[in-house]
Amino acid sequence: MKIDTIWQDSKWGLIKMSRKKGKSSTPRHKRLNRSGRLQTAKHWLHKYQGKNLLHGYSKHFGVDLLCAIEELQMLSVSFDEKYVNQVKQSVEDRIKARKKREEKQQREEWLRAQPFSDEAFSFIAGYTNGGVPYGITWEEQTAMGNGKSEAEDGIDDLPF
């Protein structure tokens, strides 16, 4: 365990104090790099009692399925080519689904962030190039809600 030195100011001057660094909460077998995993996996393979070697390796060492396939093949574990392709396709499908979900979430956040009404407009349809909003005013909304037609309000007399 490493120890840091801390200098703390007190009324007697600077005091040298030691502080122990905390241990990592992540297990060691999940912090290994590839070469470390390959060395450890040789012993782990003999001890593994589970049904699915690929998923067990992936979970134990904290790597994705494609990395697990590659590393297990380095350790002379053979997989059916059809199974490898199926795993690759499922990983690609998960990535596509996650991107689609994230895009949907971004769209929903954008829509929630957009103010579609303010003091002058009950519905803002958009903004001009100058940044001026246009849409349905509160008066027009009230007139539509009361069942009045545009002809009754005199809007029909407009030249355009």
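- K100 is not listed as a side-chain neighbour of K96, based on a closest heavy-atom distance of 4.5 Å or more.
- For T128, the side-chain contact (heavy atoms from CB on, under 4.5 Å) partners two or more places apart in sequence, or in a different chain, are V132, Y134.
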May I have the list of side-chain donor-acceptor pairs in residues 73-88 shorter than 3.5 Å, sequence neighbours left out?
unit_1 : atom_1 : unit_2 : atom_2 : d
N85    : ND2    : E81    : O      : 3.3

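- Listed by chain and number, the residues in a side chain to side chain donor-acceptor pair (under 3.5 Å) with Q49 amount to none (sequence neighbours excluded).
- In this structure, S58 and V63 approach most closely via the heavy-atom pair OG-O, 2.5 Å.
- Interatomic distance, L45 CG to L53 CG, rounded to the nearest 0.5 Å: 5.5 Å.
- With sequence neighbours left out, the side-chain contact (heavy atoms from CB on, under 4.5 Å) criterion links R101 to R98.
- With sequence neighbours excluded, the residues satisfying ring-ring contact (aromatic ring centres under 6.0 Å, His included) with H29 are H60.
- Partners of R34 under the salt bridge (Lys or Arg N to Asp or Glu O under 4.0 Å) rule, at least two apart in sequence or in another chain, are E70, E71.
- Remark: S35 engages N33 in a side chain to side chain donor-acceptor pair (under 3.5 Å) (not counting sequence neighbours).
- Considering only residues two or more places apart in sequence or on other chains, K104 meets the side-chain contact (heavy atoms from CB on, under 4.5 Å) condition with R107, E108.
- The side-chain heavy atoms of W44 and Y57, taken from C-beta on, include a pair separated by under 4.5 Å.
- The salt bridge (Lys or Arg N to Asp or Glu O under 4.0 Å) check on E92 picks up nothing, with sequence neighbours excluded.
- Applying the side-chain contact (heavy atoms from CB on, under 4.5 Å) rule to T137 yields the partners F121, E139, E140; only residues at least two apart in sequence or on another chain are considered.
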> Given the rule in the side chain to side chain contact (heavy atoms under 4.5 Å, CB included) test, do R94 and L65 qualify, once you have shown the distances and angles that lead to the verdict?
Replying inline: CA-CA 12 Å; R94 278 191 207 144; L65 293 173; 4.1 Å; yes
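- Counting only residues at least two apart or on different chains, no salt bridge (charged side-chain N to carboxylate O under 4.0 Å, His left out) pair has a member in residues 41-60.
- Minimum interatomic distance between C67 and R37 (heavy atoms only, all atoms of both residues): SG-NH2, 3.9 Å.
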